[in-house]
Amino acid sequence: MSARSRKLVVGNWKMNGVRASAETLLPEIVTATREAPSDLAICVPFQLLETASRLLLNTQISLGAQDVSDQERGAYTGQVSATMLHDFGCRFVIVGHSERRTLLEESDRLVARKARAALSHGLIPILCVGETLGERESGETEDVIRRQLDALLDLIGPEDIRRCVVAYEPVWAIGTGRTATPDQAQSIHAAIRERIALVSASAASEMRILYGGSVGPATAKALFGQSDIDGALVGGASLVAQDLAAIARAGV
Ligand code: PGA
């Protein structure tokens with residue numbers, strides 16, 4: 001059965017939470033999402049990996065991280081390698097989130113190398129792509145996304161592409177309460193799938209493409225109704241167990 005037959009809902013906690021709050025919130029999320037018809041993952045900040053790996057063990061929720069080094073080991077102060085994430089039982093890792101591209105000036109090539117490092121250790125990279133408001137208004141959306149995607153397609157082969165998840169997150173929709181309309185999101189998702197199909201038609205048809213940017217209980221259902229939207233990357237609402245559960249329940 002193709003992975004796309006179930007939605008994938010990934011929480012991105014960003015820089016939120018300490019061990020005590022995670023000890024409360026994670027079990028709440030596990031309970032609230034138990035019957036949900038979606039696949040689920042939570043990407044926690046690094047310092048919560050130990051706590052989360054313990055609390056999510058043998059649950060329906062996979063563990064993820066929010067970044068990974070493109071390097072294997074050595075003199076890279078402050079970085080965390082794919083081997084280290086694998087050691088905690090991570091299944092997913094977000095790469096190229098717009099907050100890192102913008103605030104830390106991460107380039108398309110660096111982001112692609114991070115995805116490759118994740119893949120080489122059996123992790124599933126969630127490659128974030130998306131345009132700023134200025135880029136959308138000047139009609140550059142598809143060019144920006146193609147550039148971000150091509151950096152990855154240039155670096156890895158079709159078999160590895162198949163193992164990636166792409167998240168379309170318009171920068172203007174992140175944390176703003178302003179979601180892309182289902183039609184706006186669908187048209188970009190279809191363009192992403194077409195681009196990947198140039199490299200591998202089967203990878204394109206199997207891959208999950210998530211939407212992210214102010215997804216909440218009120219907007220998930222209509223987004224998930226679009227044929228190329230295979231789930232969501234959820235920031236703010238993933239910090240509220242009932243909201244994340246409502247999004248995961250929309251994935252029928
Ligand atoms: P948001 O964040 O749901 O709070 O908009 C999404 C993201 O940045 O991944």
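In each ligand, atom 1 is the first atom listed, and ligand 1 is the first ligand listed. Quantities reported herein were computed from a predicted structural model and do not represent experimental measurements.
Paired with T59 under the rule side-chain contact (heavy atoms from CB on, under 4.5 Å), one option of L55, L57, L63, L56 passes, and it is L56.
In this model, a donor atom of one side chain and an acceptor atom of the other lie less than 3.5 Å apart for E140 and S138. Residues E23 and T51 have side chains that never bring a donor and an acceptor to within less than 3.5 angstrom of each other. D228 and Q186 share a donor-acceptor pair across their side chains, judged by distance under 3.5 Å alone.
Summarising the geometry, atom CG belonging to L119 is positioned 4.5 Å from atom CG belonging to D160; distances are rounded to the nearest 0.5 Å. To the nearest 0.5 Å, atom CG of residue D70 and atom CD of residue E106 are 9.0 Å apart.
Close contacts of ligand 1 with G213, meaning ligand atoms under 4.0 Å from a residue heavy atom, involve 5 (O). Atoms of ligand 1 lying under 4.0 Å from at least one heavy atom of H97, given by number and element, are 7 (C), 8 (O), 9 (O).
Residue S214 has at least one N or O atom closer than 3.5 Å to an N or O atom of ligand 1.
Counting protein heavy atoms only, atom 3 (O) of ligand 1 is closest to G235 N, 2.8 Å. Annotation: atom 4 (O) of ligand 1 to nearest protein heavy atom, G236 N, 2.8 Å.
Heavy atoms of N12 found under 4.0 angstrom from ligand 1 belong exclusively to the side chain.
Not a single heavy atom of G212 sits closer than 4.0 Å to an atom of ligand 1. Taking a 4.0 Å cut-off on heavy atoms, G175 registers as neighbouring ligand 1.
Selection from E169, Q66, E99 by nearest heavy atom to atom 7 (C) of ligand 1 gives E169.
R193 places a side-chain N or O within 3.5 Å of a backbone atom of A204 that can act as its donor or acceptor partner.
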